[in-house]
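Everything below concerns the one structure shown next.
Protein chains get the first letters and strands the later ones, always in sequence-line order, with residue 1 at the start of each.
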Protein chains: 2
Amino acid sequence: MTTRLDELPGRRCSIAGALDVVGDRWALLIVREVSLGAHRFSEILRGTGAPRERLTARLNALVDAGVLERRGYSSNPPRADYHLTKAGRDLLPVLQALMQWGDRHVADTPPVELHHHGHRIAASWVCDVCGEPVGRGTERRVPDGSEPGHGPVPR
Amino acid sequence: MTTRLDELPGRRCSIAGALDVVGDRWALLIVREVSLGAHRFSEILRGTGAPRERLTARLNALVDAGVLERRGYSSNPPRADYHLTKAGRDLLPVLQALMQWGDRHVADTPPVELHHHGHRIAASWVCDVCGEPVGRGTERRVPDGSEPGHGPVPR
DNA sequence: ACGACTCGGTTCGATATGCGAACCTGGTGG
DNA sequence: CCACCAGGTTCGCATATCGAACCGAGTCGT
């Protein structure tokens, strides 16, 4: 990990925990690249534009965190490539969410369009229980009694 | 913005664009705090644990980026508070995705449970067109002809 | 009307992090 | 034998980030 967020003050939660692992500047770009099929160091290097030393550090950190798996595909010349683990694949919704937000709110082009069954994916976040879309303000925070000044989720 | 990601090499896309705005260490924690009802500087300060100077910088950047809106609620003593804009609210799915990932893959407790209609939200990412869950490997990247070594989405 | 306190910052010097460029190791192809 | 590639590591510099201290405007208690 680049930083000891867990030793910092501030509200701890799974969001902070997740950001501890992938909140760094390159981590999610690396995951993007790997998910797009760039498995070798040099491919990821090109795709992200990260400096080499940063990249090795982040790759190692992501392997340690269980997001990537390092597979040797040649023992000598010692060569390895990187693949998403289950945890890494579980990050794809995060990427998707970011991509959707970027599409909507920053002027930039998506790297690729994700399709399945012949149509472009237009995804939304839906509650498994009732099928209702999430993030539209129908949520309520269940009071946990701590931290003054926090009410229910606004808007 | 803290960094000029757009002047960097590497594949440009909406993910990179989004990370440009909220890829910083504090940005999403700030959005989390504001979405939980912390609107004043000192509340956000406590909730995130960010250093004061970082916090002012990030708040200004997020206001500039259109994620937060700064509202003066008292002209003298000049006091302001921060609220999510539409763009800011559109970030909630990103937070939700991160939270779900953190819940599953890092040992930490969620800050609050999000409920609606009396049950805990268990959300998944679903394609609007066909209703099929996204992120399970059924996606295909539509070839864009660039960047060697990139095939379809693996797994 | 005086001192203590709050809010929202800014300033400061020390440290951590990130950076590009050069170098290294181990192997291949000509 | 030489050039070249992949995958790093090392180096020195430049910037970002840090905590702590300070500040100015306003308010509250006495």
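- One interatomic measurement links the two molecules: NE2 of A:H39 to P of D:dA6, which rounds to 16 Å at whole-angstrom precision.
- When each of B:V34, B:D90, B:L62, B:L91 is checked for a side chain to side chain contact (heavy atoms under 4.5 Å, CB included) with B:L84, only B:V34 meets the rule.
- Distance A:E43 CD to D:dC5 P: 15 Å, rounded to the nearest Å.
- Evaluated for a side chain to side chain contact (heavy atoms under 4.5 Å, CB included) with A:W101, the options A:M99, A:R104, A:H105 yield exactly one hit, A:H105.
- Within the 4.0 Å cut-off from OP1 or OP2 of C:dA16, not a single side-chain nitrogen or oxygen of B:R25 is found.
- Listed nucleotides C:dC19, C:dG9, C:dA22 differ in distance to A:W26; the shortest reach to its side chain belongs to C:dC19.
- With contacts defined as side-chain heavy-atom distances shorter than 4.5 Å, the pair B:L45/B:R40 does not qualify.
- Side-chain proximity of A:F41 to the nucleotides D:dG7, C:dC19, D:dA25 is greatest for D:dG7.
- Taking every side-chain heavy atom of A:S42 into account, D:dA6 is the closest of C:dC7, D:dA6, C:dG18.
- Counting to the nearest Å, the C1' atom of C:dC7 and the CD1 atom of B:I44 are 13 Å from each other.
- Among the nucleotides D:dG8, D:dA6, C:dC7, the one closest to the side chain of A:T56 is D:dG8.
- When A:I44, A:L68, A:D81 are each tested for a side chain to side chain contact (heavy atoms under 4.5 Å, CB included) with A:H39, only one passes: A:D81.
- With distances taken from any side-chain atom of A:R70 to the nucleotides C:dG9, D:dG8, D:dG7, the minimum falls on D:dG8.
- A straight line from CG of B:L55 to C1' of C:dC7 spans 13 Å, rounded to a whole angstrom.
- Residue B:R79 places its side chain closer to C:dT6 than to any other of C:dG9, C:dT6, D:dC18.
- Put simply, CG on A:N60 is 14 Å from P on D:dG7, counting in whole angstrom units.
- Here the side chain of A:R52 is nearest to one of D:dG7, C:dG8, C:dC19, namely D:dG7.
- B:L59 places its CG atom 11 Å from the C1' atom of C:dG9, with the value rounded to the nearest Å.
- Following rounding to the nearest Å, A:D24 (CG) and C:dA16 (C1') show an atom-to-atom distance of 14 Å.
- Residues A:E53 and A:A80 each lie close to DNA chain D; by heavy-atom proximity, the contact nearer the 5' end of the strand is made by A:A80.
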Start with the C-alpha gap between B:F41 and B:R79, add the side-chain angles, then the distance that decides, and say whether side chain to side chain contact (heavy atoms under 4.5 Å, CB included) holds. CA-CA 9 Å; B:F41 187 88; B:R79 291 290 140 80; over 6 Å; no
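- Neither OP1 nor OP2 of C:dT17 sits under 4.0 Å from any side-chain N or O of A:R58.
- Computed from coordinates, the B:R54 CZ to D:dA16 P distance equals 8 Å when rounded to whole Å.
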